[in-house]
2 protein chains.
Amino acid sequence: MANQRPALDPIFHALADPTRRAVIGRLMQGAAPVKELAQPFAMGLPAFLKHLGVLEAAGLIHSEKQGRVRTCRVDAARLAAAEQWLAEQRALWQGRADRLAAFVESQNPPNPPSE
Amino acid sequence: MANQRPALDPIFHALADPTRRAVIGRLMQGAAPVKELAQPFAMGLPAFLKHLGVLEAAGLIHSEKQGRVRTCRVDAARLAAAEQWLAEQRALWQGRADRLAAFVESQNPPNPPSE
DNA sequence: ATCATGGTTCGCCATATGGCAAACCAACGA
DNA sequence: TCGTTGGTTTGCCATATGGCGAACCATGAT
């Protein structure tokens, strides 16, 4: 389950777009063909296919074509890789000595350690 | 506490670069001036300052200048925003009907939701 | 006053990104 | 067979990104 570290660059890049995040959100609820995925968006198919290409290049989705319909599904493990990097950073931050001090002297906390 | 949802686009975009992620990782261990942050990288200062600008535009870091030294510190809450989005997606995925079915299939059958 | 240091700004360039329109291909369905 | 549907490919364009070098400030040290 703890798969090797995939390239984070393309993963984060793929997530840095609302269209692509929406596609992820949709696919998290189940696989779907391209047309259905594209339907909520105003852009044309070519532009949308580029987004799918970015997602697939990042390994966040896989697609399979049967007949003339291409069905896409998400690869949750790749998303987890991004989440894991973030969790690691947070662990670093939480382990900091000055945070401990700041927590102790919580007189006027403008940024409490609330995740 | 429940911070409002910052724009995810610039956050993920800022993270989609190894230089910027390294800066984050460095700053997670404590604040640092620009020169020290830039030192590990091969690029020139102008290019590096652009990276800092991207990070700061995303709200991931703040910087403050005293004398001629600019000191940067990280804003962990912004990172948490990205982490939270990912966690939400994972929750969606874990709640999926077909995943539930796959699990139930080997345990006991409460009620299979149709799709 | 002068000089070194730490940043900053300013053009400039190559490439990547995100979008379009239009033509095209491959499978259904009638 | 022929039209429709679902995707794909092919230019093409505007803007953004990531890097450079060089000139430029402002502060701290000598």
Side-chain angles (χ1 to χ4, degrees), chain A residues 6-27 30-75 78 82, chain B residues 6-27 30-75 78 82:
Chain A
L8 291 174
D9 289 34
I11 293 180
F12 280 123
H13 170 246
L15 295 177
D17 181 287
T19 298
R20 293 192 292 255
R21 281 199 308 276
V23 168
I24 293 281
R26 168 64 187 79
L27 286 180
V34 170
K35 193 202 177 186
E36 182 185 330
L37 288 175
Q39 180 221 335
F41 304 102
M43 71 191 69
L45 255 300
F48 185 77
L49 281 187
K50 266 191 198 176
H51 285 296
L52 286 188
V54 171
L55 285 169
E56 197 152 18
L60 287 170
I61 70 172
H62 308 296
S63 67
E64 185 188 356
K65 193 167 182 178
Q66 53 188 3
R68 61 182 163 173
V69 176
R70 175 173 297 278
T71 305
C72 301
R73 68 194 68 254
V74 81
D75 183 344
R78 285 303 174 93
Chain B
L8 291 174
D9 289 35
I11 294 180
F12 280 123
H13 170 246
L15 295 178
D17 181 288
T19 297
R20 295 193 291 255
R21 282 199 308 278
V23 168
I24 293 281
R26 168 63 188 79
L27 286 179
V34 169
K35 194 201 175 186
E36 182 184 332
L37 287 175
Q39 181 221 334
F41 304 102
M43 71 191 69
L45 255 300
F48 185 76
L49 282 186
K50 267 193 198 174
H51 285 296
L52 287 187
V54 171
L55 285 169
E56 197 153 18
L60 287 171
I61 71 172
H62 308 296
S63 66
E64 185 189 353
K65 191 168 183 177
Q66 51 188 4
R68 61 183 163 173
V69 175
R70 176 173 297 276
T71 304
C72 301
R73 70 193 66 256
V74 82
D75 183 344
R78 286 303 175 92

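Atoms considered below: every heavy atom in the structure, side chains included; atoms not considered: hydrogens, waters and symmetry mates. Everything numeric here is computed off the predicted structure, so don't read it as measured data. Throughout, a chain's letter reflects where its sequence line sits, starting with A, and its residues are numbered from 1.
Put simply, CZ on A:F48 is 14 Å from C1' on D:dT8, counting in whole angstrom units. Separating the CG atom of A:L52 from the C1' atom of D:dG6 is a distance of 13 Å, rounded to the nearest angstrom. In this structure, A:Q66 atom CD and D:dG6 atom P are separated by 14 Å, rounded to whole Å. Protein atom CG of B:D17 is 15 Å distant from nucleotide atom C1' of C:dT17, rounded to whole Å. One atom, CG of B:L55, and another, C1' of D:dT17, lie 14 Å apart when rounded to the nearest Å.
Here B:L55 contributes atom CG and B:I11 contributes atom CD1; the two are 11.0 Å apart, rounded to the nearest 0.5 Å. Note: B:R70 CZ to B:L49 CG = 8.5 Å, rounded to the nearest 0.5 Å. For the atom pair CZ (A:R21) and CG (B:D9), the distance works out to 4.5 Å, reported to the nearest 0.5 Å.
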(message) Quick one, B:L60 with B:L15, criterion side chain to side chain contact (heavy atoms under 4.5 Å, CB included). Give me CA distance, side-chain angles, the key distance, then yes/no.
(response) CA-CA 9 Å; B:L60 287 171; B:L15 295 178; 4.0 Å; yes
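Sorted by first and then second residue, the ring pair (Phe, Tyr, Trp, His ring centres under 6.0 Å) pairs with a member in residues 45-64 of chain B read B:F41-B:F48; sequence neighbours excluded.
Where A:G67 and A:M43 meet DNA chain C, the nucleotide closest to each residue was compared, and A:M43 sits on the side nearer the 5' end.
Under the 3.5 Å distance criterion, the side-chain polar atoms of A:R78 are matched with a main-chain donor or acceptor of A:A58. A donor-acceptor contact shorter than 3.5 Å links the side chain of A:R20 to the backbone of A:H13.
Here B:H51 does not reach the OP1 or OP2 of D:dT17: none of its side-chain N or O atoms lies under 4.0 Å away.
Paired regions of DNA chain C, where each region holds three or more successive Watson-Crick or G-U pairs whose two hydrogen-bonding distances fall under 3.5 Å, are C:1-30 with D:1-30.
For the side chain to side chain contact (heavy atoms under 4.5 Å, CB included) with B:V34, the lone residue among B:L52, B:V69, B:T71 that qualifies is B:L52.
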(request) Do nucleotides 3-16 of chain C as a string where each nucleotide becomes B, S or -: B if the base has a protein heavy atom under 4.0 Å, S if just the sugar-phosphate does, - if no protein is that close. (result) -BBSSBB-------
